[in-house]
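Working notes, structure below.
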Amino acid sequence: MKIRIKLHRWLTQKLPVAALAVIALPITGCGPEDWIAWAPDGEHAIMKNGLIDSAGKPFGEALGENETIGAWLPDSRRALVIRSVKAASWEEYAALLGAQRVTIVVEAAGELARVIAENQDALAELDDTPGFKIWRENLELRGERAEAVLYFLDATRPGLLDPLMEATAERDAAAARKENGGADAIAPAPTGATIREQMGYPEIHELHVRTVVAPGFSDDQLLIRFVDEIGLPAVSPNGRAVAFVRDEAADLRLYVMALEPGAQPVLVQSGAEFAAWSPDGQELAYSKSNISRRIQHEKDGLGLGSIARRRVCTPDGAIIAEAEPAEDLAGLILPEYPARVAWLPDGRILFAGAKFTLPATTQNLPSGLTLFALRVNPTPSIEQLIADSVPARLTERVNFFTVSPDGKKVAVLGKMGAVSVLALDTRTFSTLQDSSPQFSKEGRDDGLLVPAWRSADELTYLVPAGDPAGSPLRAEVVVASLRGGKRAISKSWPDSAALPPLEK
Amino acid sequence: MNTETLENLLIDRALGQLSPDVEALLTEHLAGTPGAAQAAAELREVVALATAAMHRAAPKLELPPRFIALPRWPRARRVLALAASFMAGAGLAFFALPGTNAPVAPAVQPTPVLAQAPKHSPEVERALRKLPFWSKERAYLIAGAASETNR
């Protein structure tokens with residue numbers, strides 16, 4: 001896996017870290033994670049590695065290694081499962097890629113083969129050659145990934161890439177030996193064949209509807225397959241449609257699709273990154289970036305974006321084939337990817353952003369985020385929901401806010417595991433847990449978990465070791481009632497429960 | 001001008017419901033009619049007393065037109081109605097405004113409205129809905145609409 005990433009990085013040189021790391025939820029990053037999602041009825045929860053019941057005990061079969069559960073359906077029995085599988089052949093992969101993208105890949109493969117042939121004597125430094133740089137820029141302009149080009153070359157011209165792979169691996173091994181003071185503790189550079197074996201083939205990403213809560217009964221329906229990663233699925237209130245983000249080579253794109261086999265996705269918006277359904281299930285509110293998040297990341301620029309809405313379903317829940325034009329509702333400085341939105345039952349749209357006035361001096365750049373409510377009717381307006389007097393440490397990660405099932409409260413993650421709840425009707429900001437140094441390593445928040453609502457009055461979050469409801473030696477996961485009291489549900493979980501903060 | 005019409009106008013003026021033109025005509029009439037001027041002074045006194053009692057002027061209500069045009073109530077009922085409106089205003093102010101008698105404020109600040117969309121003509125609204133937020137065309141359109149309004 002590491003080699004695959006290394007090779008990919010070497011060939012692209014511009015790995016879209018933010019987009020890839022967060023869209024692909026299983027890829028762990030430094031940011032907080034949505035690690036648990038309770039079913040609408042609160043009886044079961046999905047985690048990375050399986051299901052638990054309300055007491056925290058494992059329930060049913062664990063998910064496969066390359067599976068994640070994306071979202072519950074309203075019936076609390078079925079869930080959307082995202083599954084990644086290796087492509088069996090180039091033909092299978094190309095069929096999903098589509099004719100237009102295949103043409104780009106084939107042309108780019110021919111150009112890369114020519115660049116390799118012209119630089120046989122300097123394969124280890126191929127990435128520094130003008131020919132390779134031009135090739136890479138052209139590929140980006142045409143909106144395709146190097147991964148697909150490599151796959152095509154490997155499938156149609158076996159052995160062509162071996163010298164390149166071996167030269168690259170040898171270069172990296174030499175650099176590692178140098179860093180190690182010449183010690184030869186580093187494994188020898190792998191051969192091209194070994195690299196290919198480890199690299200495998202590009203993945204195909206599938207969306208399934210699976211019955212997960214039904215003792216003795218299992219049902220799985222494959223909805224659709226993509227060569228691009230998919231993530232952040234949001235199921236419509238009536239359970240008939242799903243909105244999801246697809247990480248296409250050109251950009252992130254938001255799609256909506258009927259939840260039935262054979263349904264075709266309908267593009268909602270390019271550049272959109274997080275969607276929420278309107279209470280009536282007819283519209284989507286979403287955040288989108290003004291320019292590609294990848295470009296922002298490369299340029300180290302603050303991202304300008306907007307909150308928009310678009311009607312995508314009829315009143316009876318059917319997908320509109322040609323959706324009405326989208327409408328931008330507000331502009332903002334985007335928080336880190338993905339910029340969340342939530343559509344409340346009272347019609348307001350929540351989002352996090354920075355409060356900022358231009359022009360400004362270089363010392364006046366926004367230092368923190370806060371939470372806003374966008375009221376669309378009768379007159380559009382934006383309210384700041386959290387008072388400026390609330391200490392910044394309690395709202396540092398407010399962009400990972402989560403709304404309670406009844407739409408009346410918002411859980412806010414702060415610095416080093418602080419957890420607070422904002423009551424939307426009274427605007428009271430109550431802190432359930434303040435920051436803890438246990439959740440910081442070298443001054444940096446590490447492996448934080450986003451609080452998750454079990455019900456309108458119960459919130460799940462991580463408490464530090466020594467918490468009265470937890471354990472003396474390790475952090476635990478608790479379900480806290482807003483009326484008072486909390487109970488640990490993770491005491492029987494092993495330290496290796498895929499939750500880094502649980503380690504002693 | 002007959003007595004009933006005059007009383008209606010005086011009450012309307014006390015409630016701040018007269019247009020500037022009508023108010024100017026009424027002032028001119030009162031200057032030449034000492035009895036009417038005295039009645040007007042009494043009504044003003046009622047308003048002043050009620051205002052002083054509240055430490056604040058009663059909020060001006062946007063009454064529907066049919067109420068403004070309601071004719072010929074007996075004077076006692078009109079005075080009672082006036083007093084009731086002041087009581088209602090005082091009640092609203094008690095709950096809506098901070099003051100010595102207001103309940104203790106919660107430990108959170110009231111939500112500030114950071115941005116409120118200005119009203120545009122339906123044509124401008126329709127055009128704006130089709131434009132991205134970060135577009136020059138939107139900025140030009142809004143600037144043009146503001147320029148038309150201020151002309």
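It should be emphasised that the depicted structure is a prediction, and the values quoted were computed from it without experimental measurement. Order of the sequence lines sets the chain letters (A, B, ...), proteins ahead of strands, with each chain counted from 1.
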Distance (rounded to the nearest 0.5 Å) between B:Lys130 NZ and A:Asp328 CG
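Between atom NZ of B:Lys130 and atom CG of A:Asp328 there are 14.5 Å.
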Point-to-point distance, once rounded to the nearest 0.5 Å, from CZ of B:Arg129 to CZ of A:Arg309
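The CZ atom of B:Arg129 sits 8.0 Å away from the CZ atom of A:Arg309.
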Contact origin within [X] toward chain B - heavy atom pairs under 4.5 Å:
X        : result
A:Ile291 : neither
A:Ala308 : neither
A:Pro325 : neither
A:Ala326 : backbone

State whether the number of non-hydrogen atoms from other residues, nucleotides or ligands found under 6.0 Å of B:Glu137 atom CD is greater than 12.
no
Ring pair (Phe, Tyr, Trp, His ring centres under 6.0 Å) partners of residues 113-143 of chain B, not counting sequence neighbours, each pair once:
none
Name the region of B:Leu128, side chain, backbone, both or neither, that has any atom closer than 4.5 Å to a heavy atom of chain A.
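Neither part, no heavy atoms under 4.5 Å.
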Heavy-atom pairs under 4.5 Å with chain B: which of A:Thr379, A:Leu329, A:Leu374, A:Ile307 has the most?
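Among A:Thr379, A:Leu329, A:Leu374, A:Ile307, the one with the most close pairs to chain B is A:Thr379.
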